[in-house]
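Residue numbering restarts at 1 for every chain, and letters A, B, ... go by the order of the sequence lines. Predicted model only: the values in this text are computed from it and were never measured.
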Number of protein chains: 2
Amino acid sequence: MSVPMSLLAMLEEGPMYGLEMKHEFERRTGGVWPLNVGQVYTTLGRLERDGLVAFDGDRDGNKTYVITADGRASLEDWFGHPVQRESPSRDELVLKLLVASNAPGVDVSAVIRSERRASIEQLQQYTRLKTDSSTDADVEWMVLLDSLIFKTEAIVRWLDVSEARFASDPRHVSQPKGPMPAEPLLDQPSMPERGK
Amino acid sequence: MSVPMSLLAMLEEGPMYGLEMKHEFERRTGGVWPLNVGQVYTTLGRLERDGLVAFDGDRDGNKTYVITADGRASLEDWFGHPVQRESPSRDELVLKLLVASNAPGVDVSAVIRSERRASIEQLQQYTRLKTDSSTDADVEWMVLLDSLIFKTEAIVRWLDVSEARFASDPRHVSQPKGPMPAEPLLDQPSMPERGK
DNA sequence: TTGCATGATATACTCGGTATACAGGAGGTT
DNA sequence: AACCTCCTGTATACCGAGTATATCATGCAA
């Protein structure tokens, strides 16, 4: 997803060779996101082609690369500008619901409940992981776990709201529905208060 | 993202040809997610190769396809089983924070604040869109908007929590920050135009 | 008639991502 | 010694998602 920028960030601290970058990448992400070695080489190739990185000869038989001025600039750009503004990318789950709601013979609310159950399970798994590892406190790991938890919570809330929306839509009245949009949310939704 | 399944869902209601499916797809997603025509044909090719659809000859000069038994089965599978359990996919924003936190000379909390500001702006844009269009009540559009809002809210919360985490981590004792995070550009994140 | 927009299909190409091939060296065993 | 195996390091093949573009035909307006 932005592997190239990550590679640049590593090269900014000094020359490196391919495999080394794989290991470093995985170390920095708390060992959670494995990076295929092949991707390192192809990505390095593209970075070199675009002039963000330069081949720097062999060091102990390893082909090392260095970052260029352009590379530094584009890295600074990445850190400096928010990376959000992706046009609302296709989300498989959203797509699934929309398609389901348009497909005759498919019980949308059943689909929603199924997805909800799975999300809740995942959520429990994540929180269990969190409490299990709360002692050895690896920040990267915690930050990543948080992101998974928050994202999943958001999905659950969205599923609930959507089920209600579909239920009250004249076009989706057909099926007899189960036990209502399920129980309320887990924790306080509330708009983020900017702490500190 | 799961374009193939969407195509199958449409074919289940009757034979169709390529371009028709593009239009139908966009109609069903509330005209929000444009689908490249080329992708329809390549995807149809793969579906045919895998035996989920079959070429059904020409109808009025248009090459129409039909769904097969295998296709129906696999579609049912999609609706029946939750689609969540993706291994924690790489998320650009999460990756960015982790990388930033490991890069010397980068002020993580500045990056976080920059991202936060952008997210809040996006959120306001979404909610404005929501209030603007609350009358004509198109369920697909509302469901999609909700998903964007909920997701963005989750990101904001996560950013806040993460900032606190990094702040209290001994390894990230905030170094004096340079001019690092440049101000975001004025260019707005583009929301897809509604309908046509 | 020319020319242009549009309907319809198809292909080229990029990129992210996975799996796999290939080459060399370090040990260990017999 | 030869052999096998494991490990490091590099590179390529391949696939799917996605975008841009090429190619026809046809209807139609000037």
Side-chain angles (χ1 to χ4, degrees), chain A residues 1-8 10 15-26 29 32-50 52-53 55-65 74 78 83 86-96, chain B residues 1-8 10 15-27 29 32-50 52-53 55-65 74 78 83 86-96 190 192 196:
Chain A
M1 246 299 195
S2 200
V3 172
M5 287 303 151
S6 306
L7 297 192
L8 280 185
M10 295 169 193
M16 275 194 188
Y17 60 92
L19 195 56
E20 198 180 0
M21 306 186 71
K22 170 202 162 72
H23 296 316
E24 185 61 12
F25 179 94
E26 289 172 350
T29 54
V32 178
W33 279 328
L35 176 60
N36 186 294
V37 203
Q39 195 171 355
V40 174
Y41 293 105
T42 54
T43 303
L44 273 177
R46 283 191 275 265
L47 287 173
E48 188 179 16
R49 178 201 58 190
D50 299 342
L52 305 184
V53 139
F55 179 56
D56 199 41
D58 278 27
R59 316 259 247 250
D60 311 310
N62 300 327
K63 310 198 163 183
T64 70
Y65 287 83
S74 111
W78 190 55
V83 80
E86 13 162 342
S87 73
S89 64
R90 275 197 278 270
D91 176 315
E92 173 157 16
L93 190 47
V94 179
L95 184 55
K96 182 173 174 179
Chain B
M1 244 300 192
S2 200
V3 174
M5 287 303 151
S6 306
L7 297 192
L8 280 185
M10 295 168 192
M16 275 195 185
Y17 60 91
L19 194 57
E20 198 180 359
M21 305 186 71
K22 169 201 161 73
H23 298 316
E24 185 61 15
F25 179 94
E26 290 172 350
R27 192 192 64 75
T29 54
V32 178
W33 279 327
L35 176 60
N36 187 291
V37 202
Q39 195 170 355
V40 175
Y41 293 105
T42 54
T43 303
L44 274 178
R46 283 191 275 267
L47 287 174
E48 188 180 16
R49 177 201 57 190
D50 298 342
L52 305 183
V53 305
F55 179 57
D56 199 40
D58 276 27
R59 316 258 248 248
D60 312 310
N62 300 325
K63 311 198 162 181
T64 69
Y65 287 83
S74 111
W78 190 54
V83 80
E86 12 159 346
S87 74
S89 66
R90 276 198 276 271
D91 175 317
E92 173 156 17
L93 190 48
V94 178
L95 185 53
K96 182 174 174 179
S190 60
K196 350 195 68 176

ask   = Would you find a donor on one side and an acceptor on the other, under 3.5 Å apart, between the side chain of D50(B) and the backbone of L52(B)?
value = no
ask   = Between W33(A) (CH2) and dG16(C) (C1'), how many Å, whole number?
value = 15 Å
request  = Please state how far atom CG in D50(B) lies from atom P in dG16(D), giving the value in whole angstrom units.
outcome  = 7 Å
task = Please report, rounded to the nearest Å, how far the C1' atom of dG16(C) is from the CZ atom of R46(A).
result = 7 Å
query = Whole-Å distance between dT9(C) C1' and L7(B) CG?
reply = 15 Å
Approximate separation, where rounding is to 0.5 Å, of T43(B) OG1 and L35(B) CG = 7.5 Å
key: Spacing between R59(B) atom CZ and dG7(C) atom C1', to the nearest angstrom   = 19 Å
Between protein and nucleic acid, restricted to nucleotides 6-11 of chain D and to nitrogen or oxygen atoms under 3.5 Å apart, what atom pairs and distances do you find?
{"from": "dG9(D)", "atom 1": "OP1", "to": "Y17(A)", "atom 2": "OH", "distance (Å)": "2.8"}
{"from": "dG9(D)", "atom 1": "O3'", "to": "N62(A)", "atom 2": "OD1", "distance (Å)": "3.4"}
{"from": "dT10(D)", "atom 1": "OP1", "to": "K63(A)", "atom 2": "N", "distance (Å)": "2.7"}
{"from": "dT10(D)", "atom 1": "OP2", "to": "G18(A)", "atom 2": "N", "distance (Å)": "3.4"}
{"from": "dT10(D)", "atom 1": "OP2", "to": "L19(A)", "atom 2": "N", "distance (Å)": "3.3"}
{"from": "dT10(D)", "atom 1": "OP2", "to": "Y41(A)", "atom 2": "OH", "distance (Å)": "2.9"}
{"from": "dT10(D)", "atom 1": "O5'", "to": "Y41(A)", "atom 2": "OH", "distance (Å)": "3.3"}
{"from": "dA11(D)", "atom 1": "OP1", "to": "K63(A)", "atom 2": "NZ", "distance (Å)": "2.7"}

request  = Any chance you could measure M21(A), atom CE, to Q39(A), atom CD, to the nearest 0.5 Å?
outcome  = 12.0 Å
message = At 10 degrees resolution, what angle do the end axes of the helix from dT1(C)-dA30(D) to dT30(C)-dA1(D) form when each is taken over five base pairs?
response = 30°
query = Is R90(A) reaching over with its side chain to a backbone N or O of P34(B), donor-acceptor style, under 3.5 angstrom?
reply = yes
query = Rounded to the nearest 0.5 Å, how far does CG of L44(A) lie from NZ of K63(A)?
reply = 11.5 Å
inquiry  = Which residues pass the side-chain hydrogen bond (donor to acceptor under 3.5 Å, both in side chains) test with E20(A), not counting sequence neighbours?
reply    = none
query = Can you check whether R49(B) has a side-chain N or O nearer than 4.0 Å to OP1 or OP2 of dC15(D)?
reply = no
ask   = Expressed in angstrom and rounded to an integer, what is the separation of K22(B) atom NZ from dA8(C) atom P?
value = 12 Å
Residue Q39(A), side-chain heavy atoms: nucleotide from dT19(D), dC15(C), dG17(C) that is nearest = dG17(C)
message = Just verifying a value: how many Å separate L19(B) CG and Y41(B) OH, rounded to the nearest 0.5 Å?
response = 5.0 Å
query = So, the side chain of D60(B) versus the backbone of N62(B): is there a donor-acceptor pair under 3.5 Å, distance only?
reply = no
query = Starting at CG of L44(B) and ending at P of dT11(C), how long is that distance when rounded to a whole Å?
reply = 13 Å
remark   = Rounded to whole Å, CG of D91(A) lies from C1' of dA17(D) at a distance of 15 Å
task = Measure from the side-chain N and O atoms of K96(A) to the backbone N and O of S2(B), and report whether any donor-acceptor pair falls under 3.5 Å.
result = no
